[in-house]
Number of protein chains: 2
Amino acid sequence: MTTDGFRVLDVKSLTEYIKATPSLASKLGDELDNLEIKEVGDGNLNFVYIIISTSGSLVIKQAVPYIRLIGESWPMTKERSYFEATALKRQHSLSPNHVPEIYHFDRTMSLIGMRYIEPPHIILRKGLIVGVEYPLLAEHMAEFMANTLFFTSLLHLTTTQHKSAVAEFCANVELCRLTEQVVFSDPYKISEFNRWTSPYLDSDAESIRNDKILKLEVAELKSKFCEKAQALIHGDLHTSSVMVTKESTQVIDPEFAFYGPMGFDIGAFIGNLFLSYFAQDGHSNNANNRKTYKAWIMDTVANTWNLFYKKFTSLWDIHKDGPGEAYLHEIYKDMELWSLVKQKFMLDLFHDSLGFAAAKMIRRIVGVAHVEDFESINDVVKRADCERRALDFAKILIKKRRNFNNITDVISTVE
Amino acid sequence: MTTDGFRVLDVKSLTEYIKATPSLASKLGDELDNLEIKEVGDGNLNFVYIIISTSGSLVIKQAVPYIRLIGESWPMTKERSYFEATALKRQHSLSPNHVPEIYHFDRTMSLIGMRYIEPPHIILRKGLIVGVEYPLLAEHMAEFMANTLFFTSLLHLTTTQHKSAVAEFCANVELCRLTEQVVFSDPYKISEFNRWTSPYLDSDAESIRNDKILKLEVAELKSKFCEKAQALIHGDLHTSSVMVTKESTQVIDPEFAFYGPMGFDIGAFIGNLFLSYFAQDGHSNNANNRKTYKAWIMDTVANTWNLFYKKFTSLWDIHKDGPGEAYLHEIYKDMELWSLVKQKFMLDLFHDSLGFAAAKMIRRIVGVAHVEDFESINDVVKRADCERRALDFAKILIKKRRNFNNITDVISTVE
């Protein structure tokens, strides 16, 4: 694969590449002779290397022109690397405490050099599976989402800036199509890629394929995903796209980024917390029934939304005279109207978020890509039971989302 | 103005230009020595020449880098000509009977050569003012809108085609901003450009600026206009963008074209028919009370929507197995569900259309650009009375649009 100057690196050629690239070599203190290099994958799509020298460290992430999880039979443009790098830079500038810094980007090689998010950071999903509480998680995620979504929307950008950014990210279409397929289409039809905990969930999967009202709602959400260019969204904000310690929260892997509906990010995160919640009974044992932990997860859901609400509307207040052209201050300055405007916007966003959360939950149980939260439950009967309760809740959430006025009501329904 | 190869043509240089351009000269049968050339303007923005030879004819439309109506003090990119040409070609290919053919496009000169829409074609608005019935108008407009909107939406395009087209038209941002300003912003605040039939409508204009619920609804419509990239819309589909005879309907001037909400086109057309309706009492006299004509206008509104509904959903049925990725047939093939899908889509589109219709009505009465329907009523008291009734109806329409389930209910409210 060298047709266009692109070649897949291995440990040896990676070292040569770093030696020839000052912006990377300098991060290792230019001590390049005894590098510790470890390939860690990142799950589904790319090659990821951790590189440590005696005086520094970094991560190299290289996209290959197919989906690593599936193999070369499912091609996928390596240009996703360009959009990941572009989104990472933008998100880092908007939320520097919660997005790693990029050191280097090579478009020809589809290669990103970035900060190594060092131990004890782990993937959030893994922390949730073992039952670790992260007291700052909701606060940090609310901050990441409020900053990245507000400042890339028409609430802060001019139409000119906004349309130019929308146009640029339209080219990340292959990744959008992947989402359309695996989130909004495949789970609702027979597909060779779908799987579920069979035979226990066979009739549940079938009832999803036959649920008219559900599919009607999914169509509306899919249209919003495809057509509503509201803000630069991460596009894949589940709990494996977040690395955590008790003190730190880092959002990674925005290769699915594009201008889409804000609710898709909020929904992805909250939906994956719900999945974790429903998986807890599969991880409970005599020593720990996970009751307290389940309550913490629900608190985290509530705090994420409520803090997001607070931070987002507060950014809006602060920047009400800013360049954003959606709600001109001169028109909306009346105090009562200004309050109504925010309430209406946030309620619409809330309903979008709940709908997308549910869609993301369903696809993780009956679609192609599952989550470790459930997969790691060895007792299949128990696992199927957890999954079924998650599915049933997701169906209610998607159909009745417009009846919920606040997150507390949603959580009462879960419990 | 020759910095970039662009120069404004006059009658003399226009003749030279045609002689040097075979695709134009040939349409005049290459008989270029005794051309009849007439500058007709097109209202607000551009220079338009009709050129007739002994054996042929054509129209030349040239954009200048400002808004002709206002002057050089309001600059406006002449690149709009590129988007107009691109949209005209696409719309002509989709609705050849209702969109003139393009013969020539010169991007450097912002110049379009196209079919001369010959007499007895006149601008529809002028026909409506004198009270001419066009028996095929609703049928033709329904066909134009159904074809151009359906085939450029995700109901027929793949995501890849759709996002690529969305990206291209994002660059027509200056024209989008103009619409945002004059339709969705200026009427709702003090603006030097606003005017109305003063002093009669002073308090009406003020009450619009102070109507909280109205402004809340306008904000939602503006967001849809800015963010909902649903289909290639004409962007300015009022009754002066349509030329008619009793047998023929030709849609022109799509320089505001971009990927936006379908309802904006349907609403523009229907909203301008409503304006015509409310203006009729100002044109009635003892010889003709315009009662029959008002009924014909309302029939035309009803037929436009109902025929559009029929044609659009019929295209959708015919192409249900086509390339469109929004509603995969395999998921929605159940007869009852398929029917529900169409009903829901069309009801949402109906409500969008009513909202945009109302917004377009309001801006024509208290904003910068007025319509001849009212302007030609010389008795100002009478004119203000007509305008007030139109305004009051528009306010109801925008606020209560979600309560209307069909066009008959809307028309009952008008009457």
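Basis for what follows: all heavy atoms, side chains included, without hydrogens, waters or symmetry-related copies. So you know, we letter chains A, B, ... as the sequences are listed, proteins then strands, and number each from 1.
The backbone N or O of A:Ile331 lies less than 3.5 Å from a partner atom in the side chain of B:Lys215, making a donor-acceptor pair.
Pairs engaging residues 319-333 of chain A under the salt bridge (charged side-chain N to carboxylate O under 4.0 Å, His left out) rule: A:Glu325-B:Arg177, A:Glu330-B:Lys189 [sequence neighbours left out].
Interface remark: B:Gln181 contributes no atoms to any contact with chain A (heavy atom separation under 4.5 Å). Looking at B:Phe258, the atoms closer than 4.5 Å to chain A (heavy atoms on both sides) all sit in the side chain, from C-beta outward. For B:Lys344, the part lying under 4.5 angstrom from a heavy atom of chain A is the side chain only. Interface residue A:Lys212: backbone and side-chain heavy atoms are both found under 4.5 Å from chain B.
Distance check: B:Thr159 OG1 to A:Leu178 CG gives 11.5 Å after rounding to the nearest 0.5 Å. We find the CG-OH distance between A:Leu216 and B:Tyr327 to be 7.5 Å, quoted to the nearest 0.5 Å.
Between chain B and the options A:Asp334, A:Ile213, A:Asn172, the largest number of non-hydrogen pairs under 4.5 Å is found for A:Asp334. If you tally non-hydrogen atom pairs under 4.5 Å between each of A:Glu180, A:His162, A:Arg209, A:Glu174 and chain B, the highest count goes to A:Glu180. Among A:Thr160, A:Asn210, A:Val341, the residue making the largest number of heavy-atom pairs under 4.5 Å with chain B is A:Thr160.
Using a 4.5 Å cut-off between non-hydrogen atoms, the part of residues 222-232 of chain A that approaches chain B consists of A:Lys222, A:Ser223, A:Cys226, A:Glu227, A:Lys228, A:Ala229, A:Gln230.
The environment of NZ in A:Lys400 is sparse: at most 12 heavy-atom neighbours from other residues, nucleotides or ligands sit within 6.0 Å.
Between B:Ser164 and A:Val173 there is no side-chain heavy-atom pair separated by less than 4.5 Å.
Looking at residues two or more places apart in sequence or on another chain, you find a side-chain hydrogen bond (donor to acceptor under 3.5 Å, both in side chains) between B:Arg80 and B:Asn46. With sequence neighbours excluded, the residues satisfying side-chain hydrogen bond (donor to acceptor under 3.5 Å, both in side chains) with B:Arg107 are B:Glu79.
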